[in-house]
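What follows is a set of notes on a single structure, which appears directly below.
Remember, it's a predicted structure, so these values are computed and weren't measured experimentally. In what follows, every heavy atom counts, from backbone to side chain, and hydrogens, waters and symmetry copies are set aside.
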Amino acid sequence: MVTLSVENISYSYRTKYQIVPALKEVNCTLQSGKFYALIGKSGSGKTTFLSLIAGLERPQSGAILVNGKDLKEMNVDQYRRTQASVIYQNFNLFPLMTVQENVMYPLILNKQTKKQAAQEAEEVLKRVGLDSSYWKRLPSMLSGGEQQRVAIARALAIHAELILADEPTGNLDTENSKQIIGLLHQLVQEERCCVLVVTHDMEIKKTADVIYNMDSGRLWEEGV
């Protein structure tokens, strides 16, 4: 179980000529067993927010607490290998690794043997609907929906409690989008994961437990 608390965080980008505020005193709480949608216009700060709670950047003020512990005091590489997994619009698979090797990769980083990692990868690939006929293929041999399933399997393999998805259906057709969102909801229901989806897709908004809106770096919960 995970509780992630965002406490009054702010973040700005510094260019040669100016400082551009991206997030302004953002507060929210994410909990296990819930599906969150984060919506807003391009440039509103959504991807920056995702990067901060994934540990890819640090807030310039405020704090992000994971089960009460400040993220900046944690080993963020270990955090992303064991607790938080990011799923991207462009899938971010290793092009020269097979499907199975892509899923095995974080497990081997976590000191599992190749045999253990291979077995775990096979199990989670089956769970996302990719049988053994897919395991030795390269990502380029898969459709967009299939590649996104591999990315979800990779998150499943490390038993991530927090799944952060940045426009995960942005490159997919309607049918594949429904299937991917269905898989993410399944993780919430069966694994009690916390899933946060950054999206422009209003169909995702309809199925979320909590909807956050972002505009000009400010965040608020819809309906509150």
Quiz prompt | Residue among T3, V210, V6 satisfying side-chain contact (heavy atoms from CB on, under 4.5 Å) with T29 | solution = T3

Quiz prompt | Distance-minimising heavy-atom pair for V2 and N67 | solution = CA-OD1, 3.3 Å

Quiz item: When you measure from the side chain of R149 to the backbone N and O of I180, does any donor-acceptor pair fall under 3.5 Å?
Solution: no

Quiz item: Considering all heavy atoms of both residues, which atom of Y212 and which atom of L30 are nearest to each other, and what is their separation?
Solution: CE1-CD2, 4.0 Å

Quiz prompt | Audit row: K114, I108, side-chain contact (heavy atoms from CB on, under 4.5 Å) steps and yes/no | solution = CA-CA 7 Å; K114 284 189 176 182; I108 291 172; 4.1 Å; yes

Quiz item: Which ILVMFWY residues can you reach from L107 by hopping between side chains whose heavy atoms are under 4.5 Å apart?
Solution: I158

Practice problem: Show your working on side-chain hydrogen bond (donor to acceptor under 3.5 Å, both in side chains) between D166 and Q89 and close with a plain yes or no. | Solution: CA-CA 6 Å; D166 191 3; Q89 179 177 347; over 6 Å; no

Quiz item: Do the side chains of S5 and I64 get nearer than 4.5 Å, heavy atoms only?
Solution: no

Exercise. Walk me through it: do Q83 and L162 pass the test side-chain contact (heavy atoms from CB on, under 4.5 Å)?
Key: CA-CA 6 Å; Q83 288 180 274; L162 178 63; 5.9 Å; no

Exercise. Check step by step if side-chain hydrogen bond (donor to acceptor under 3.5 Å, both in side chains) holds for D131 and S133.
Key: CA-CA 5 Å; D131 62 29; S133 66; 2.4 Å; yes

Exercise. Determine, using the 4.5 Å side-chain heavy-atom cutoff (strictly less than), whether V86 and V188 are members of one ILVMFWY cluster.
Key: no

Quiz prompt | Under-4.0 Å salt bridge between K206 and E203 | solution = yes

Quiz item: Hey, are the side chains of I9 and F49 touching, using non-hydrogen atoms and a 4.5 Å cut-off?
Solution: yes

Self-check item: Sequence neighbours excluded - ring-ring contact (aromatic ring centres under 6.0 Å, His included) pairs with any residue from residues 77-131
Solution: F94-Y105

Self-check item: L4 side chain reached by L65 side chain, heavy atoms, under 4.5 Å
Solution: no

Quiz prompt | Heavy-atom closest contact (G144 atom, L172 atom, distance) | solution = C-CD2, 3.3 Å

Quiz item: Got a donor-acceptor contact below 3.5 angstrom from the Q116 side chain to the T113 backbone?
Solution: yes

Quiz item: Between CZ of F35 and CD1 of I204, what distance do you get to the nearest 0.5 Å?
Solution: 6.0 Å

Exercise. Starting from the C-alpha separation in whole Å, work towards a yes-or-no answer on side-chain contact (heavy atoms from CB on, under 4.5 Å) for Q60 and S10.
Key: CA-CA 6 Å; Q60 288 152 349; S10 295; 5.8 Å; no

Quiz item: Are V103 and I163 connected, step by step, through hydrophobic side chains (Ile, Leu, Val, Met, Phe, Trp, Tyr) whose heavy atoms are closer than 4.5 Å?
Solution: yes

Self-check item: Heavy-atom side-chain contact between H200 and K205 under 4.5 Å
Solution: no

Self-check item: Shortest non-hydrogen contact from P21 toward K24
Solution: CB-CE, 3.8 Å

Quiz prompt | Side chain proximity check, T207 to I181, heavy atoms < 4.5 angstrom | solution = yes

Exercise. Could you give me the CA-CA distance, side-chain angles and deciding distance for L142 and V150, then say whether side-chain contact (heavy atoms from CB on, under 4.5 Å) is met?
Key: CA-CA 10 Å; L142 306 180; V150 177; 3.9 Å; yes

Exercise. Answer with yes or no whether the hydrophobic clustering places I87 together with V99; edges join I, L, V, M, F, W, Y residues whose side-chain heavy atoms lie under 4.5 Å apart.
Key: yes

Exercise. Tell me, please, which residues at least two apart from D173 pass side chain to side chain donor-acceptor pair (under 3.5 Å).
Key: N176

Quiz item: Is the closest basic N to carboxylate O distance between R127 and E122 below 4.0 Å?
Solution: no

Practice problem: Scan L93, V128, V124 and name whichever one has a side-chain contact (heavy atoms from CB on, under 4.5 Å) with R154. | Solution: L93

Quiz item: Is L52 linked to I19 within one hydrophobic cluster, defined over Ile, Leu, Val, Met, Phe, Trp and Tyr using a side-chain heavy-atom separation of less than 4.5 Å?
Solution: no

Practice problem: Report yes or no: do N8 and E25 form a side-chain donor-acceptor pair below 3.5 Å? | Solution: no

Quiz item: Do W135 and L125 touch side chain to side chain, with heavy atoms closer than 4.5 Å?
Solution: yes

Practice problem: Provide the closest heavy-atom pair for V26 versus M214 in the form atom of the first, atom of the second, distance. | Solution: CG2-CE, 4.4 Å

Exercise. Say whether L96 and Y134 are linked into one hydrophobic cluster, either directly or through other cluster members, by side-chain heavy-atom distances under 4.5 angstrom.
Key: no

Exercise. Could you please spell out the steps behind the side-chain hydrogen bond (donor to acceptor under 3.5 Å, both in side chains) verdict for S61 and Y11?
Key: CA-CA 7 Å; S61 62; Y11 188 87; over 6 Å; no

Quiz item: Roughly how far, to the nearest 0.5 Å, is CD of E190 from CG of L156?
Solution: 9.5 Å

Quiz item: Can we say R218 and D215 salt-bridge, meaning some charged N sits less than 4.0 Å from an Asp/Glu carboxylate O?
Solution: no

Exercise. For residues V20 and R14, determine if any side-chain heavy atom of one lies less than 4.5 Å from a side-chain heavy atom of the other.
Key: no

Exercise. Indicate yes or no: at least one non-hydrogen side-chain atom of Q148 is less than 4.5 angstrom from one of Q179.
Key: no

Quiz item: Which heavy atom in M104 sits nearest to a heavy atom in A121, and how many Å separate them?
Solution: CG-CB, 3.8 Å

